[in-house]
Amino acid sequence: MYYDFSAIEKKWQARWEETKPYAAVTGDPRPKFYGLIEFPYPSAAGLHVGHPRPFTAIDIVSRKRRMEGYNVLFPIGYDAFGLPTENFAIKNHIHPAIVTRDNIANFTRQLKMLGYGFDWDRVVDTTDPKYYKWTQWIFLQMYKKGLAYKTTMPINWCTSCKVGLANEEVVEGKCERCGGEVVRKEKSQWMLAITKYADRLIDDLDELDYIDRVKVQQKNWIGRSYGTDATFKTSTGDDVTVYTTRVDTIFGVSYMVVSPEHPLLDKWQDKIANWDAVAEYRLAASRKSDFERGELNKEKTGVRLEGVEAYHPITGDAIPMFVSDYVLMGYGTGVVMGVPGHDQRDWEFATKFGLPIREVVAGGDVTKEAFVAKDDSAVMVNSGFLNGMTVKEAIPAMRQYAVAHGWGKEKVNYKLRDWVFTRQRYWGEPIPLVNCPKCGWVPLDESELPLLLPNVESYEPTDDGESPLAKMTDWVNTTCPHCGGPAKRETDTMPNWAGSCWYYLRYMDPHNDKEFLSREAEEYWGPVDWYNGGMEHTTLHLLYSRFWHKFLYDLGLVHTKEPYAKRTSHGMILGKNPHYIGNVDTEEEKQALIAKYGSMATRPAVKMSKSLGNVVNPDDVIKAYGADTMRLYIMFIGDFEKTAAWSDEAVKGSKRFLDRCFNLQDMVSEEEGISKANMASIHKTIKKVSTDIEELKMNTAIAALMTLVNEFYSKGLSRGDLSVLIRLLSPFVPHMAEEMWENMGFAKESGKMAMQSPWPEYDESKTVDAQVEMAVQVNGKLRGTVVVDTDSDEAAVKAAALESDRVKKATEGMSVVKTIFVKNKLINLIVKPAK
RNA sequence: GCCGGUGUGGUGGAAUGGUAGACACAGGAGACUUAAAAUCUCCCGGUAGCAAUACCGUACCGGUUCGAGUCCGGUCACCGGCACCA
């Protein structure tokens with residue numbers, strides 16, 4: 001029988017379109033399963049071969065769940081607001097909405113061609129006013145609860161394009177598009193107070209089934225630290241507070257540093273004798289880009305504040321004060337106590353400015369470098385009453401002391417910053433707030449939502465960095481919802497992360513025009529049971545959406561504290577590196593490649609990109625081999641969590657396997673039920689495939705299926721054997737499985753498609769063979785194998801082992817002093833020369 | 001620098017502390033064919049040997065163990081993230 005994948009795939013896709021076997025039913029009595037993949041950004045380039053990796057994996061899990069009797073929700077949508085579309089629109093003079101519509105149509109075509117079991121009646125598009133109405137609505141709830149606030153923040157500003165850039169658009173301090181200088185520019189921005197949720201975002205991770213590296217990365221990103229706010233008196237009359245995690249080292253303080261942006265400096269203008277030098281330093285610092293300022297191995301700079309000094313809270317000693325840009329205004333208090341003996345940055349600063357370096361923790365040589373103890377068992381010295389204590393004892397002791405003496409306070413700090421929630425761009429959700437000269441910021445009434453994105457002539461940002469919407473005076477000028485007087489709309493839009501914060505909720509109830517989500521649907525479907533996505537979204541999307549969900553939980557709008565019960569992650573698909581040194585033979589050619597491309601030339605596989613010409617288009621693969629082969633190969637390519645290199649050659653192996661499966665139809669015996677010859681193999685395979693799918697080890701699940709098919713080729717198979725194989729294949733290659741199921745008459749007999757049939761179950765007792773091959777070792781070295789009855793005892797195996805010539809030879813003249821026996825696995829004979 | 005991850009044949013990759021290299025790609029041999037493709041069968045880490053077999057082999061050095069790719073300590077390389085976070 002000829003495997004005509006093209007006709008088969010078209011046939012079944014048309015049938016699914018018609019009968020909708022993937023429809024999720026809210027309220028159904030079956031147990032529910034909600035599988036989720038990160039919805040794609042519909043770029044003009046179309047689907048990338050990287051997309052099918054996570055999509056296929058969760059499709060397989062969802063299909064298995066359906067066969068196990070679950071009511072499955074496996075939805076798809078489009079995260080369609082964003083810069084690439086806007087830039088494409090500017091360049092080609094097409095409205096972003098039209099670009100988006102076309103791109104979505106193309107993505108939809110490609111996704112349907114891959115045979116995913118999405119519920120196509122629940123598609124969500126973040127740029128659809130029916131959707132972003134509720135994105136705006138949730139934002140207003142945050143505004144009303146005081147979580148959205150306006151503040152002045154520096155943005156990345158390209159001096160050449162005169163445009164604000166997202167962080168992703170800044171490459172090594174230069175504009176990604178024109179290579180122009182990027183500096184910081186102060187701009188008024190809406191912020192979301194995610195830091196208010198910092199503790200819960202860390203602590204609630206414990207209850208979640210997320211892979212460890214996601215948890216670790218989120219924890220590090222939030223960066224909670226426990227320390228002390230210590231207050232120092234100064235000669236200015238103002239007290240200065242510093243944050244430190246190591247208040248135990250306070251006897252080692254030899255200077256203090258204030259951040260250039262610190263407002264106290266302005267206040268002290270009259271008291272600072274060298275104000276001109278300080279002012280000049282501050283100006284220079286403000287002109288530096290973040291990149292310059294944070295540049296690696298940069299030499300410490302700073303200016304002493306002449307005429308100003310601080311006083312040590314315990315000794316009362318005078319401490320010189322400096323301004324330096326190595327202290328950040330955005331973390332802690334913007335002032336730092338310098339402990340050069342035990343902090344490398346402080347050590348560099350003190351060395352440069354000739355400040356004393358005191359050792360207060362023993363164990364290093366502070367004349368050479370700062371000593372930062374690896375564990376907390378190092379001992380305190382030169383530290384008054386702390387002397388002789390370990391660091392572990394000294395930290396709480398000094399904290400208590402500081403609190404008791406009124407100059408210290410326990411403090412928790414976070415690296416996490418509040419979320420800059422505005423973009424000076426067109427293609428985003430409009431912010432539903434109005435600025436009234438009398439009433440200030442006023443939210444639109446709910447009945448005014450959605451606040452539609454108006455049509456503009458040009459999507460180019462304005463010269464001064466305002467959003468293109470600012471030029472729309474008709475739209476901008478409005479009336480205040482509160483007092484009715486003239487007022488202006490907010491012209492900035494939301495960032496592309498906004499719509500993706502809650503899309504998984506909308507899937508539960510996508511057509512609701514009364515509320516963002518009905519209680520009934522939320523209680524039935526929530527939370528997401530399994531969410532797979534890229535590691536690159538761990539600290540942005542994943543954290544942001546957890547934050548929004550917690551906010552909605554606090555309002556009583558969702559019944560779970562967390563949106564996603566389980567989170568897994570996939571590795572990237574790489575392409576062949578055309579500049580790889582392994583592609584050339586001579587040493588000169590290799591050196592030439594390294595000289596030209598640097599470290600890139602040493603990698604066999606690299607990220608796919610147009611410029612390298614190594615991009616693989618899924619359309620081409622499907623055309624040449626079929627969607628089922630594409631699905632199978634992308635799962636077989638390697639460990640799901642690791643990066644993997646696409647290989648056109650290796651795809652053929654997957655196609656060959658499907659041909660072999662299809663040809664089994666001509667080989668079956670009429671025997672119903674599972675054949676005796678294949679009994680153990682089939683039960684083993686069911687077990688292996690079932691457990692591997694749960695762990696996303698699709699590569700080994702497929703290997704097990706290949707092994708089974710190879711056995712069928714050598715031993716033959718029954719109709720019943722094939723029935724099991726088809727059902728095991730069904731989640732991986734749904735089109736071919738349905739075709740075979742129908743061909744074999746199983747569909748007619750059961751009245752069900754393969755995908756609706758029960759997932760095969762295995763019987764543990766039938767997974768064991770009658771005989772096993774065991775390893776025989778002598779002194780831990782392999783000296784052959786023996787075939788014995790399964791579960792044979794030590795004596796029987798030992799007897800069988802000693803019959804082998806190899807074992808005889810290895811034990812000649814020796815006596816067995818000990819035997820290690822692992823049932824059905826191995827026997828290890830420990831021998832010594834006989835006396 | 002810090003955090004996380006990874007190092008296994010020509011290649012992609014398998015191996016709850018228990019026969020390293022499953023499964024596949026590439027390569028080789030054969031069958032079928034006028035021929036090629038496809039298909040089917042077999043071989044395929046290195047060294048020595050006709051072979052049986054022996055020795056070596058999971059980045060490197062050391063340790064624990066009857067037994068280590070796997071566990072522990074150290075080193076190196078690469079990948080990802082963060083980066084003056086006090």
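Letters go in sequence order (proteins before strands), and every chain restarts at 1.
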If I take atom [atom1] in residue [X] and atom [atom2] in nucleotide [N], what distance separates them, rounded to the nearest angstrom?
X: His537(A); N: rG81(B); atom1: NE2; atom2: P; result: 12 Å
X: Tyr580(A); N: rC78(B); atom1: OH; atom2: P; result: 14 Å
X: Tyr2(A); N: rA38(B); atom1: OH; atom2: P; result: 14 Å
X: Lys215(A); N: rC3(B); atom1: NZ; atom2: C1'; result: 17 Å
X: Lys415(A); N: rC3(B); atom1: NZ; atom2: C1'; result: 9 Å
X: Trp221(A); N: rA83(B); atom1: CH2; atom2: C1'; result: 10 Å
X: Leu328(A); N: rA83(B); atom1: CG; atom2: C1'; result: 10 Å
X: Tyr326(A); N: rA83(B); atom1: OH; atom2: C1'; result: 16 Å

Any chance the rings of [X] and [Y] have centres within less than 6.0 Å?
X: Tyr2(A); Y: Phe662(A); answer: no
X: Trp407(A); Y: Phe232(A); answer: no
X: His683(A); Y: Tyr762(A); answer: no

Just checking [X]: base, sugar-phosphate only, or nothing, at a heavy-atom cut-off of under 4.0 Å?
X: Thr819(A); value: nothing
X: Lys300(A); value: base
X: Arg783(A); value: sugar-phosphate
X: Val336(A); value: base

query = Hey, are the side chains of Lys798(A) and Phe821(A) touching, using non-hydrogen atoms and a 4.5 Å cut-off?
reply =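 Lys798(A) does not reach Phe821(A) side chain to side chain.
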ask   = Which nucleotide, rC3(B), rA86(B), rC56(B), lies nearest any side-chain atom of Lys781(A)?
value =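 In terms of side-chain proximity for Lys781(A), the closest of rC3(B), rA86(B), rC56(B) is rC56(B).
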Nucleotide nearest Arg806(A) when distance is taken to its side chain, options rC66(B), rA86(B), rU53(B) =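 In terms of side-chain proximity for Arg806(A), the closest of rC66(B), rA86(B), rU53(B) is rU53(B).
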message = Both Asn779(A) and Tyr713(A) contact RNA chain B. Which one's nearest nucleotide lies toward the 5' end?
response =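 In this pair, the answer is Tyr713(A).
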More than 12 foreign heavy atoms under 6.0 Å from [atom1] of [X]: is that the case here?
X: Lys215(A); atom1: NZ; value: yes
X: Lys352(A); atom1: NZ; value: yes
X: Lys684(A); atom1: NZ; value: yes

Span that lies between the [atom1] atom of [M] and that of [N], in whole angstrom:
N: rG57(B); M: rG10(B); atom1: P; answer: 16 Å
N: rC42(B); M: rA54(B); atom1: P; answer: 26 Å
N: rC43(B); M: rG81(B); atom1: P; answer: 45 Å
N: rG28(B); M: rC76(B); atom1: P; answer: 43 Å

key: Tyr625(A)/Phe5(A) under ring pair (Phe, Tyr, Trp, His ring centres under 6.0 Å): CA gap, chis, key distance, verdict   = CA-CA 8 Å; Tyr625(A) 301 103; Phe5(A) 58 82; 7.7 Å; no
ask   = What pattern of brackets, bars and dots sums up RNA chain B from 5' to 3', given Watson-Crick or G-U wobble pairs under 3.5 Å, [ ] for crossing pairs and | for another strand?
value = (((((((..(((.....[....))).(((((.......))))).((((....))))..(((((..]....))))))))))))....
key: Tyr331(A) side-chain N/O to rA86(B) phosphate OP1/OP2 under 4.0 Å   =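 Yes, Tyr331(A) has a side-chain N/O under 4.0 Å of OP1/OP2 on rA86(B).
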query = For rC79(B), does either OP1 or OP2 sit under 4.0 Å from a side-chain N or O belonging to Arg603(A)?
reply =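 Checking rC79(B) against Arg603(A), a side-chain N or O does come within under 4.0 Å of OP1 or OP2.
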request  = Spell out protein contact along nucleotides 6-32 of chain B as letters: B when the base is contacted, S when just the sugar-phosphate is, - when no protein heavy atom is under 4.0 Å; keep the 5' to 3' order.
outcome  = S-----BSSS--BBS-BBSSS------
request  = State which residue, out of Thr767(A), Leu725(A), Leu708(A), Leu717(A), fulfils the side chain to side chain contact (heavy atoms under 4.5 Å, CB included) condition with Ile682(A).
outcome  =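 So, applying the side chain to side chain contact (heavy atoms under 4.5 Å, CB included) to Ile682(A) and each of Thr767(A), Leu725(A), Leu708(A), Leu717(A), only Leu708(A) qualifies.
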ask   = Given His570(A), which of Asn532(A), Thr56(A), Asp639(A) fulfils the side chain to side chain donor-acceptor pair (under 3.5 Å) condition?
value =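 With His570(A) as partner, Asn532(A), Thr56(A), Asp639(A) yield a single side chain to side chain donor-acceptor pair (under 3.5 Å), made by Asn532(A).
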request  = Syn or anti for rG57(B), please, going by whether the chi angle lies within 90° of 0.
outcome  =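 Anti for rG57(B); the angle lies over 90° from 0.
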Under 3.5 Å, which donor-acceptor pairs do the side chains of residues 777-787 of chain A form with other protein atoms, sequence neighbours left out?
{"from": "Asn779(A)", "atom 1": "OD1", "to": "Val831(A)", "atom 2": "N", "distance (Å)": "2.9"}
{"from": "Thr785(A)", "atom 1": "OG1", "to": "Glu773(A)", "atom 2": "OE2", "distance (Å)": "3.3"}

